Engineer: 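Mind looking over this structure? Questions follow.
This one's a predicted model, so the numbers in the text were calculated from it and none came from an experiment. Quick note: numbers below take in every heavy atom, side chains included, and nothing from hydrogens, waters or symmetry partners.
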Amino acid sequence: EGVTEVLAYHTETLRDKFMEIPCSEDYDSHKRFEGCTPRKCGRGVTDAVITREEAERIRRIAERGLSLGGSDGGASILDLHSGALSLGKHFVNLYRYFGDKVQDIFTEEDFALYRDEKSNQEIFLALKILPGKSQSEGSIMAVVAHNISVSSCALSCHVGRSNLNLENVVTYGSFDYTSLLYLSDYSEDFGGGRFVFMDTGSNKTVEPRAGRVSFFTSGSENLHRVEKVHWGTRYAITISFTCNPDHGIGDPVLM
(Lines give C-alpha, C1' and ligand atoms only; values in the text may rest on other atoms or scores of the structure.)
Protein backbone atom coordinates (compact mmCIF):
# COMPACT_ATOMS: atom_id res chain seq x y z
CA GLU A 1 0.00 0.00 0.00
CA GLY A 2 1.07 3.58 -0.63
CA VAL A 3 3.67 2.98 -3.36
CA THR A 4 3.62 6.28 -5.21
CA GLU A 5 6.74 6.13 -7.36
CA VAL A 6 8.50 3.38 -9.32
CA LEU A 7 12.26 3.89 -9.29
CA ALA A 8 12.91 1.07 -11.77
CA TYR A 9 10.40 -0.74 -13.97
CA HIS A 10 11.09 -4.34 -14.93
CA THR A 11 10.53 -3.43 -18.59
CA GLU A 12 13.36 -0.87 -18.76
CA THR A 13 17.11 -1.40 -18.94
CA LEU A 14 19.03 1.00 -16.71
CA ARG A 15 22.68 1.77 -17.17
CA ASP A 16 23.09 3.60 -13.86
CA LYS A 17 20.47 5.31 -11.73
CA PHE A 18 21.37 6.77 -8.36
CA MET A 19 19.30 8.86 -5.96
CA GLU A 20 21.18 10.67 -3.21
CA ILE A 21 19.29 11.13 0.06
CA PRO A 22 20.26 12.65 3.41
CA CYS A 23 22.14 10.29 5.71
CA SER A 24 20.46 9.34 8.97
CA GLU A 25 22.09 9.96 12.33
CA ASP A 26 22.91 6.25 12.65
CA TYR A 27 26.42 6.84 11.37
CA ASP A 28 27.27 9.16 14.28
CA SER A 29 26.85 6.44 16.89
CA HIS A 30 29.44 3.85 15.86
CA LYS A 31 33.08 3.64 14.86
CA ARG A 32 33.90 5.37 11.60
CA PHE A 33 36.27 4.03 8.95
CA GLU A 34 37.47 7.00 6.94
CA GLY A 35 36.92 6.64 3.21
CA CYS A 36 34.34 3.87 3.71
CA THR A 37 31.75 4.78 6.35
CA PRO A 38 28.94 6.50 4.42
CA ARG A 39 29.14 10.25 4.09
CA LYS A 40 27.05 10.19 0.93
CA CYS A 41 23.86 8.17 1.32
CA GLY A 42 21.33 6.98 -1.20
CA ARG A 43 20.04 4.16 -3.35
CA GLY A 44 20.85 3.00 -6.85
CA VAL A 45 19.81 0.57 -9.56
CA THR A 46 21.75 -0.78 -12.53
CA ASP A 47 21.22 -3.45 -15.17
CA ALA A 48 24.80 -3.20 -16.45
CA VAL A 49 26.67 -5.37 -13.94
CA ILE A 50 25.41 -8.93 -14.47
CA THR A 51 24.03 -10.26 -17.75
CA ARG A 52 20.73 -12.09 -17.85
CA GLU A 53 22.66 -15.22 -18.84
CA GLU A 54 24.86 -14.97 -15.73
CA ALA A 55 21.76 -14.38 -13.61
CA GLU A 56 20.21 -17.54 -15.05
CA ARG A 57 23.37 -19.52 -14.21
CA ILE A 58 23.30 -18.25 -10.61
CA ARG A 59 19.60 -19.05 -10.41
CA ARG A 60 20.33 -22.65 -11.39
CA ILE A 61 22.88 -22.79 -8.55
CA ALA A 62 20.17 -21.53 -6.21
CA GLU A 63 17.64 -24.05 -7.48
CA ARG A 64 20.05 -26.95 -6.98
CA GLY A 65 21.03 -25.83 -3.49
CA LEU A 66 17.52 -25.03 -2.32
CA SER A 67 16.31 -28.39 -3.60
CA LEU A 68 18.11 -29.84 -0.56
CA GLY A 69 15.90 -27.92 1.86
CA GLY A 70 13.14 -25.35 2.03
CA SER A 71 11.32 -23.27 4.60
CA ASP A 72 7.94 -24.15 6.08
CA GLY A 73 6.95 -20.48 5.85
CA GLY A 74 8.33 -17.21 4.51
CA ALA A 75 11.42 -17.09 2.33
CA SER A 76 13.85 -19.99 1.99
CA ILE A 77 17.50 -19.02 2.51
CA LEU A 78 20.76 -20.48 1.16
CA ASP A 79 24.14 -19.04 2.23
CA LEU A 80 27.06 -20.75 0.55
CA HIS A 81 29.56 -18.84 2.73
CA SER A 82 28.36 -20.17 6.05
CA GLY A 83 26.52 -23.22 4.71
CA ALA A 84 23.22 -22.07 6.25
CA LEU A 85 20.18 -23.62 4.56
CA SER A 86 16.50 -23.37 5.46
CA LEU A 87 15.12 -26.77 6.37
CA GLY A 88 11.60 -26.77 7.71
CA LYS A 89 11.39 -24.35 10.60
CA HIS A 90 15.15 -24.35 11.22
CA PHE A 91 18.54 -23.88 9.56
CA VAL A 92 21.15 -26.56 8.99
CA ASN A 93 24.75 -26.37 7.82
CA LEU A 94 24.51 -27.99 4.40
CA TYR A 95 28.23 -28.89 4.37
CA ARG A 96 27.91 -30.92 7.56
CA TYR A 97 24.32 -32.10 7.08
CA PHE A 98 24.77 -33.43 3.54
CA GLY A 99 28.52 -34.14 3.60
CA ASP A 100 30.04 -35.39 0.33
CA LYS A 101 26.67 -35.09 -1.42
CA VAL A 102 27.31 -31.31 -1.70
CA GLN A 103 30.05 -31.99 -4.27
CA ASP A 104 27.42 -33.63 -6.48
CA ILE A 105 25.32 -30.45 -6.32
CA PHE A 106 27.91 -27.67 -6.76
CA THR A 107 31.12 -27.28 -8.78
CA GLU A 108 34.13 -24.99 -8.38
CA GLU A 109 32.78 -23.02 -11.36
CA ASP A 110 29.54 -22.45 -9.45
CA PHE A 111 31.45 -20.99 -6.50
CA ALA A 112 33.59 -18.78 -8.77
CA LEU A 113 30.46 -17.28 -10.30
CA TYR A 114 28.75 -16.92 -6.91
CA ARG A 115 31.61 -14.89 -5.42
CA ASP A 116 32.17 -12.70 -8.51
CA GLU A 117 33.03 -9.13 -7.42
CA LYS A 118 31.57 -7.11 -10.31
CA SER A 119 28.59 -5.99 -8.25
CA ASN A 120 30.97 -4.94 -5.45
CA GLN A 121 32.87 -2.67 -7.82
CA GLU A 122 29.63 -1.08 -9.03
CA ILE A 123 28.80 -0.06 -5.46
CA PHE A 124 32.30 1.32 -4.95
CA LEU A 125 31.89 3.54 -8.02
CA ALA A 126 28.35 4.68 -7.31
CA LEU A 127 29.06 5.68 -3.72
CA LYS A 128 32.53 7.08 -4.46
CA ILE A 129 34.25 4.53 -2.24
CA LEU A 130 38.00 4.28 -2.80
CA PRO A 131 38.98 0.59 -2.91
CA GLY A 132 42.51 -0.64 -2.74
CA LYS A 133 43.88 1.36 0.21
CA SER A 134 45.30 -0.31 3.29
CA GLN A 135 42.98 -1.37 6.07
CA SER A 136 44.51 1.26 8.35
CA GLU A 137 43.07 3.90 6.03
CA GLY A 138 39.67 2.30 6.44
CA SER A 139 38.52 2.25 2.85
CA ILE A 140 38.12 -1.49 2.35
CA MET A 141 34.60 -2.90 2.35
CA ALA A 142 34.18 -6.55 3.27
CA VAL A 143 31.21 -8.82 2.75
CA VAL A 144 29.44 -9.49 6.04
CA ALA A 145 26.42 -11.43 4.73
CA HIS A 146 25.74 -13.08 1.39
CA ASN A 147 22.67 -15.24 0.84
CA ILE A 148 20.18 -16.37 -1.77
CA SER A 149 16.53 -16.03 -0.87
CA VAL A 150 13.56 -17.53 -2.66
CA SER A 151 9.96 -16.56 -1.99
CA SER A 152 7.16 -18.45 -3.68
CA CYS A 153 3.39 -18.28 -3.40
CA ALA A 154 3.45 -21.73 -1.84
CA LEU A 155 5.64 -20.32 0.93
CA SER A 156 4.46 -16.76 1.41
CA CYS A 157 1.27 -15.81 -0.39
CA HIS A 158 -0.80 -16.67 2.66
CA VAL A 159 1.59 -15.15 5.19
CA GLY A 160 -0.04 -11.96 6.39
CA ARG A 161 2.93 -9.76 7.12
CA SER A 162 4.56 -6.80 5.38
CA ASN A 163 8.11 -8.11 5.92
CA LEU A 164 9.43 -4.75 7.12
CA ASN A 165 13.20 -4.94 7.16
CA LEU A 166 14.41 -3.52 10.47
CA GLU A 167 17.81 -5.19 10.71
CA ASN A 168 19.23 -1.80 9.65
CA VAL A 169 18.07 -0.31 12.94
CA VAL A 170 18.58 -3.32 15.19
CA THR A 171 22.02 -4.48 14.06
CA TYR A 172 23.37 -1.37 12.36
CA GLY A 173 27.09 -1.12 12.93
CA SER A 174 27.80 -4.59 11.58
CA PHE A 175 27.17 -3.50 7.99
CA ASP A 176 27.12 -0.26 6.03
CA TYR A 177 25.94 -1.03 2.48
CA THR A 178 23.50 -3.54 1.03
CA SER A 179 22.96 -4.79 -2.50
CA LEU A 180 20.44 -7.15 -4.07
CA LEU A 181 20.97 -9.11 -7.26
CA TYR A 182 17.70 -10.28 -8.76
CA LEU A 183 17.53 -13.64 -10.52
CA SER A 184 13.92 -13.59 -11.76
CA ASP A 185 11.50 -11.16 -13.40
CA TYR A 186 8.62 -9.31 -11.78
CA SER A 187 5.25 -10.00 -13.51
CA GLU A 188 6.77 -12.81 -15.61
CA ASP A 189 8.14 -15.22 -13.01
CA PHE A 190 6.14 -13.96 -10.04
CA GLY A 191 3.54 -11.42 -8.94
CA GLY A 192 3.97 -9.11 -5.96
CA GLY A 193 7.42 -9.29 -4.40
CA ARG A 194 8.51 -5.76 -5.31
CA PHE A 195 11.17 -4.05 -3.18
CA VAL A 196 9.77 -0.98 -1.43
CA PHE A 197 11.69 1.89 0.19
CA MET A 198 9.47 3.25 2.96
CA ASP A 199 9.91 7.01 2.70
CA THR A 200 7.77 9.41 4.70
CA GLY A 201 4.64 10.07 2.69
CA SER A 202 6.07 8.66 -0.53
CA ASN A 203 7.03 5.00 -0.77
CA LYS A 204 9.21 4.09 -3.74
CA THR A 205 9.59 0.69 -5.37
CA VAL A 206 12.04 -1.31 -7.47
CA GLU A 207 10.61 -3.98 -9.76
CA PRO A 208 12.96 -7.00 -9.90
CA ARG A 209 14.46 -8.00 -13.24
CA ALA A 210 16.91 -10.87 -13.80
CA GLY A 211 20.43 -9.44 -13.63
CA ARG A 212 19.35 -6.18 -12.00
CA VAL A 213 21.41 -4.91 -9.05
CA SER A 214 19.82 -2.61 -6.47
CA PHE A 215 22.06 -1.13 -3.78
CA PHE A 216 21.77 1.33 -0.92
CA THR A 217 23.35 2.61 2.28
CA SER A 218 22.17 0.47 5.20
CA GLY A 219 21.12 3.06 7.75
CA SER A 220 17.57 3.99 8.69
CA GLU A 221 17.46 6.44 5.78
CA ASN A 222 16.65 3.37 3.68
CA LEU A 223 14.00 1.49 5.67
CA HIS A 224 12.41 -1.02 3.33
CA ARG A 225 10.20 -4.05 2.96
CA VAL A 226 9.40 -6.67 0.33
CA GLU A 227 5.85 -7.17 -0.89
CA LYS A 228 4.19 -10.53 -0.39
CA VAL A 229 4.60 -12.85 -3.38
CA HIS A 230 1.13 -13.59 -4.80
CA TRP A 231 2.12 -16.16 -7.44
CA GLY A 232 5.25 -17.74 -8.89
CA THR A 233 8.75 -17.70 -7.38
CA ARG A 234 11.07 -14.76 -6.65
CA TYR A 235 14.85 -15.35 -6.48
CA ALA A 236 17.33 -12.75 -5.16
CA ILE A 237 20.83 -12.60 -3.69
CA THR A 238 21.35 -10.18 -0.79
CA ILE A 239 24.91 -9.03 -0.14
CA SER A 240 25.67 -6.83 2.87
CA PHE A 241 28.98 -4.98 3.21
CA THR A 242 30.86 -3.77 6.28
CA CYS A 243 33.60 -1.18 6.64
CA ASN A 244 34.90 -3.04 9.70
CA PRO A 245 37.33 -5.79 8.60
CA ASP A 246 36.69 -7.63 11.88
CA HIS A 247 33.13 -8.38 10.74
CA GLY A 248 33.97 -9.64 7.25
CA ILE A 249 33.45 -13.21 6.03
CA GLY A 250 35.64 -15.23 3.71
CA ASP A 251 34.75 -16.39 0.22
CA PRO A 252 32.99 -19.77 0.08
CA VAL A 253 34.96 -22.79 -1.05
CA LEU A 254 33.77 -26.21 -2.06
CA MET A 255 34.39 -28.42 0.93
Engineer: With side chain to side chain contact (heavy atoms under 4.5 Å, CB included) as the criterion, how do K204 and D199 come out once you've worked through the C-alpha distance, each side chain's angles and the decisive distance to 0.1 Å?
Structural biologist: CA-CA 7 Å; K204 298 175 178 64; D199 295 341; 3.1 Å; yes
Engineer: Do you know which two heavy atoms are closest between G65 and F106, and how far apart they sit?
Structural biologist: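 In terms of heavy atoms, the two residues are closest at CA-CZ, 3.5 Å.
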Engineer: Hey, are the side chains of L66 and V150 touching, using non-hydrogen atoms and a 4.5 Å cut-off?
Structural biologist: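 Of all side-chain heavy-atom pairs linking V150 with L66, at least one is under 4.5 Å.
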Engineer: Give me the atom names and distance for the closest heavy-atom approach of V226 to G193.
Structural biologist: CG1-O, 3.9 Å
Engineer: Do Y235 side-chain atoms and I58 backbone N/O form a donor-acceptor pair below 3.5 Å?
Structural biologist: no
Engineer: Does either side chain, that of E221 or that of Y27, offer a donor lying less than 3.5 Å from an acceptor on the other one?
Structural biologist: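 There is such a pair (donor and acceptor under 3.5 Å, judged by atom type) between the side chains of E221 and Y27.
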Engineer: If we ignore angles and hydrogens, is there a donor and acceptor under 3.5 Å between the side chains of S24 and D26?
Structural biologist: yes
Engineer: Using 30° and 60° as the class boundaries, would you call the ring planes of F215 and F18 parallel, tilted or perpendicular?
Structural biologist: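 It falls in the parallel class, under 30°.
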Engineer: Does a side-chain heavy-atom distance below 4.5 Å link R234 with Y186?
Structural biologist: no
Engineer: Ion pair present between D185 and R212, side-chain N to carboxylate O less than 4.0 angstrom?
Structural biologist: no
Engineer: Counting C-beta onward and ignoring hydrogens, is there a side-chain heavy-atom pair between Y177 and C243 closer than 4.5 Å?
Structural biologist: yes
Engineer: Do R209 and T13 get their side chains close enough for a donor-acceptor pair, meaning under 3.5 Å?
Structural biologist: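 A pair is found: one side chain offers a donor N or O, the other an acceptor, under 3.5 Å apart.
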Engineer: Looking only at heavy atoms, which two atoms of H10 and S187 are closest? And how far apart?
Structural biologist: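 That would be NE2-OG, 2.9 Å.
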Engineer: Quick check: does any side chain N or O of N222 sit under 3.5 Å from a backbone N or O of G42, one acting as donor and the other as acceptor?
Structural biologist: yes
Engineer: Measure the NE2-CG distance between H90 and L85 for me, rounded to the nearest 0.5 Å.
Structural biologist: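 It comes to 13.0 Å.
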Engineer: Kindly say whether G219 contributes a backbone atom to a donor-acceptor pair with the side chain of T217 at under 3.5 angstrom?
Structural biologist: no
Engineer: Please report the C-alpha distance between R15 and D47 in whole Å, then the side-chain angles of each, then the deciding distance to 0.1 Å, and finally whether the side chain to side chain contact (heavy atoms under 4.5 Å, CB included) criterion is met.
Structural biologist: CA-CA 6 Å; R15 175 66 191 178; D47 295 312; over 6 Å; no
Engineer: Any side-chain heavy atom of S184 sitting closer than 4.5 Å to one from R59?
Structural biologist: yes
Engineer: Are any of the side-chain heavy atoms of T238 and T178 separated by less than 4.5 Å?
Structural biologist: yes
Engineer: Which heavy-atom pair separates V206 from V45 by the least distance, and what is that distance?
Structural biologist: CG2-CG2, 4.1 Å
Engineer: Can you tell me how far CG of L7 sits from CZ of R43, rounded to the nearest 0.5 angstrom?
Structural biologist: 6.5 Å
Engineer: What I'd like to find out is whether the side chain of D189 reaches to under 4.5 Å of the side chain of T233, using heavy atoms alone.
Structural biologist: no
Engineer: Does some side-chain heavy atom of L78 sit less than 4.5 Å from a side-chain heavy atom of L94?
Structural biologist: yes
Engineer: Test of understanding: clusters of I, L, V, M, F, W, Y form through side-chain heavy atoms closer than 4.5 Å, transitively. Do L181 and I77 belong to the same one?
Structural biologist: no
Engineer: Does the ring center of F197 lie less than 6.0 Å from the ring center of F216?
Structural biologist: yes
Engineer: With rounding to the nearest 0.5 angstrom, report the OH to CD distance, Y182 to E207.
Structural biologist: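 It comes to 10.5 Å.
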Engineer: Atom CE in M198, atom OG1 in T205: separation rounded to 0.5 Å?
Structural biologist: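 Taking CE in M198 and OG1 in T205, the distance rounds to 12.0 Å.
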Engineer: On a heavy-atom basis, which atom in V229 and which in F190 lie closest, and how many Å separate them?
Structural biologist: CG1-CB, 4.3 Å
Engineer: Check step by step if side chain to side chain contact (heavy atoms under 4.5 Å, CB included) holds for I239 and F175.
Structural biologist: CA-CA 10 Å; I239 310 174; F175 57 90; over 6 Å; no
Engineer: Could you check whether any side-chain N or O of R225 sits under 3.5 Å from a backbone N or O of V196, counting only pairs where one atom can act as donor and the other as acceptor?
Structural biologist: no
Engineer: Would you say T46 and K17 make side-chain contact, with heavy atoms under 4.5 Å?
Structural biologist: no
Engineer: Just checking, any donor-acceptor pair under 3.5 angstrom between side chains of E63 and S67?
Structural biologist: no
Engineer: First locate atom CD1 of I50, then atom CG of L183, and finally report the distance between them rounded to the nearest 0.5 Å.
Structural biologist: 9.5 Å
Engineer: Give a yes-or-no answer on whether the side chains of D176 and S218 include a donor-acceptor pair shorter than 3.5 Å.
Structural biologist: no
Engineer: Distance-only, no hydrogens or angles: does the E12 side chain make a donor-acceptor pair with backbone N or O of Y9 under 3.5 Å?
Structural biologist: yes
Engineer: Would you find a donor on one side and an acceptor on the other, under 3.5 Å apart, between the side chain of E227 and the backbone of R194?
Structural biologist: yes
Engineer: Tell me, with the steps shown, if D110 and R57 meet salt bridge (charged side-chain N to carboxylate O under 4.0 Å, His left out).
Structural biologist: CA-CA 8 Å; D110 292 336; R57 288 174 58 197; over 6 Å; no
Engineer: Rounded to the nearest 0.5 Å, how far does NZ of K101 lie from CG of L68?
Structural biologist: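 One finds 5.5 Å between CG of L68 and NZ of K101.
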Engineer: State, to 0.1 Å, how close S86 and F91 come at their nearest heavy-atom pair, and which atoms those are.
Structural biologist: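 Closest approach of S86 to F91: OG-CE2, 3.5 Å.
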